[in-house]
Q: 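My questions all concern the structure below.
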Amino acid sequence: GENLKICFIRDITSKKEMYLELTKHKNYLQKILDALPHAIFVKNISTMAIQTANIVANREFLSENGLVGHNEIIDKSEEYQRGVELVKKTKLPLTIEESHIYDKNTEKYIEMYIYPFINPLGEIEELLEIIMDITARKKIEQRLKNTLKELRDIRDALDEHAIVSITDPQGVITYVNDKFVMVSGYS
């Protein structure tokens, strides 16, 4: 009995080069995601496990071991759940606006974009979610609404008690109130 040993040698250089190239591209894409100022997640459609998250997402929604691999639902609101179901059904992107109460009773407004990643068979494999803090914008919109209401109230008070006409720089009348029409007889 001789011991017969068989040995196979295979050159895996090209396989190793492809792996290194893929790793390089993955790291490059992660750098791009991390440079963006909004929370970004990629979730598996079947498990809703987070497959990729950027620095902002980890900072804003971090669990102790990071987000990747977890299937915690970041947003448990009914509107979010309905949104995800609608994206699954229609395979179309969706934008949701919500307000949340955070620590210290601070209200924060977010805008969430949900984009389906569809495979060549037409099935959704992953969801891209981008969450933007729009609190500052919402506060400005509310101040604008309040200012416009105040202006309408002032205009209404003026219309009730004064003759009002507005002209352009050339002296052409562009607006008159009802009292002006009633007193002048012009319409």
Side-chain angles (χ1 to χ4, degrees), residues 14-153:
S14 64
K15 189 175 184 177
K16 183 68 175 175
E17 287 171 349
M18 285 190 326
Y19 173 77
L20 291 173
E21 191 66 22
L22 281 173
T23 302
K24 181 178 146 186
H25 286 289
K26 181 181 176 192
N27 291 338
Y28 179 72
L29 289 173
Q30 188 65 48
K31 285 180 185 179
I32 291 171
L33 287 176
D34 289 341
L36 298 172
H38 308 296
I40 299 173
F41 307 92
V42 176
K43 293 181 180 178
N44 178 292
I45 194 69
S46 303
T47 64
M48 294 304 280
I50 297 169
Q51 294 179 232
T52 302
N54 69 346
I55 287 174
V56 176
N58 278 300
R59 183 178 63 233
E60 297 289 323
F61 304 100
L62 183 65
S63 60
E64 199 156 304
N65 299 317
L67 290 169
V68 175
H70 290 258
N71 63 353
E72 301 161 350
I73 296 175
I74 303 291
D75 189 334
K76 297 177 181 172
S77 72
E78 288 181 28
E79 187 171 2
Y80 170 77
Q81 299 300 328
R82 282 192 306 268
V84 168
E85 291 306 314
L86 186 62
V87 170
K88 286 180 178 180
K89 182 179 172 184
T90 64
K91 299 180 182 177
L92 296 172
L94 181 68
T95 303
I96 299 171
E97 249 185 45
E98 295 183 319
S99 70
H100 295 271
I101 303 295
Y102 289 92
D103 57 293
K104 301 176 189 168
N105 295 326
T106 306
E107 188 171 30
K108 191 174 189 178
Y109 292 90
I110 64 165
E111 188 168 81
M112 180 184 294
Y113 300 96
I114 305 172
Y115 295 95
F117 288 165
I118 301 172
N119 68 20
L121 300 174
E123 302 162 335
I124 300 175
E125 289 185 344
E126 300 165 322
L127 293 177
L128 169 68
E129 296 180 5
I130 302 170
I131 301 174
M132 297 173 26
D133 182 350
I134 59 167
T135 305
R137 184 182 88 196
K138 288 303 226 178
K139 286 181 179 179
I140 290 169
E141 286 174 1
Q142 188 58 49
R143 284 199 311 256
L144 179 61
K145 282 181 189 175
N146 292 343
T147 302
L148 289 173
K149 184 187 179 319
E150 287 175 20
L151 284 173
R152 279 192 300 275
D153 291 346

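Here, residue 1 is the first one in the sequence, and each next residue gets the next number.
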Q: Between the side chain of Asn54 and the main-chain N/O of His38, is any donor-acceptor distance below 3.5 Å?
A: yes
Q: Output, in order, the C-alpha distance, side-chain angles, deciding distance and verdict of side chain to side chain contact (heavy atoms under 4.5 Å, CB included) for Lys139 and Tyr109.
A: CA-CA 9 Å; Lys139 286 181 179 179; Tyr109 292 90; 5.6 Å; no
Q: Can a donor-acceptor pair be found between the side chains of Asn146 and Gln142 at a distance below 3.5 Å?
A: yes
Q: Indicate the atoms forming the closest heavy-atom contact of Leu128 with Val42, along with that distance.
A: CD1-CG2, 4.0 Å
Q: Nearest heavy-atom pair of Glu107 and Thr135: which atoms, and what distance?
A: O-CG2, 3.9 Å
Q: Salt bridge or not between Arg137 and Glu141? Use side-chain N to carboxylate O under 4.0 Å.
A: yes
Q: Checking the side chain of Gln30 only, and the main-chain atoms of Ala53 only, is there a donor and an acceptor separated by less than 3.5 Å?
A: yes
Q: Which heavy-atom pair separates Pro116 from Ile124 by the least distance, and what is that distance?
A: CB-CD1, 3.8 Å
Q: Do you know the tightest heavy-atom contact between Ile131 and Phe41?
A: CD1-CE1, 3.5 Å
Q: Glu79 and Arg82: side chain to side chain contact (heavy atoms under 4.5 Å, CB included), yes or no, with the steps?
A: CA-CA 5 Å; Glu79 187 171 2; Arg82 282 192 306 268; 4.0 Å; yes
Q: With a 4.0 Å cut-off, would you call Glu85 and Lys88 a salt bridge?
A: yes
Q: Could you tell me which non-hydrogen atom of Val56 sits nearest to which non-hydrogen atom of Leu36, and how far apart they are?
A: CG2-O, 3.7 Å
Q: Can you see which heavy atom on Tyr80 is nearest to which on Ile96, and at what distance?
A: CA-CD1, 4.0 Å
Q: Run the side chain to side chain contact (heavy atoms under 4.5 Å, CB included) check on Ile50 and Lys43 step by step: do they pass?
A: CA-CA 4 Å; Ile50 297 169; Lys43 293 181 180 178; 4.1 Å; yes
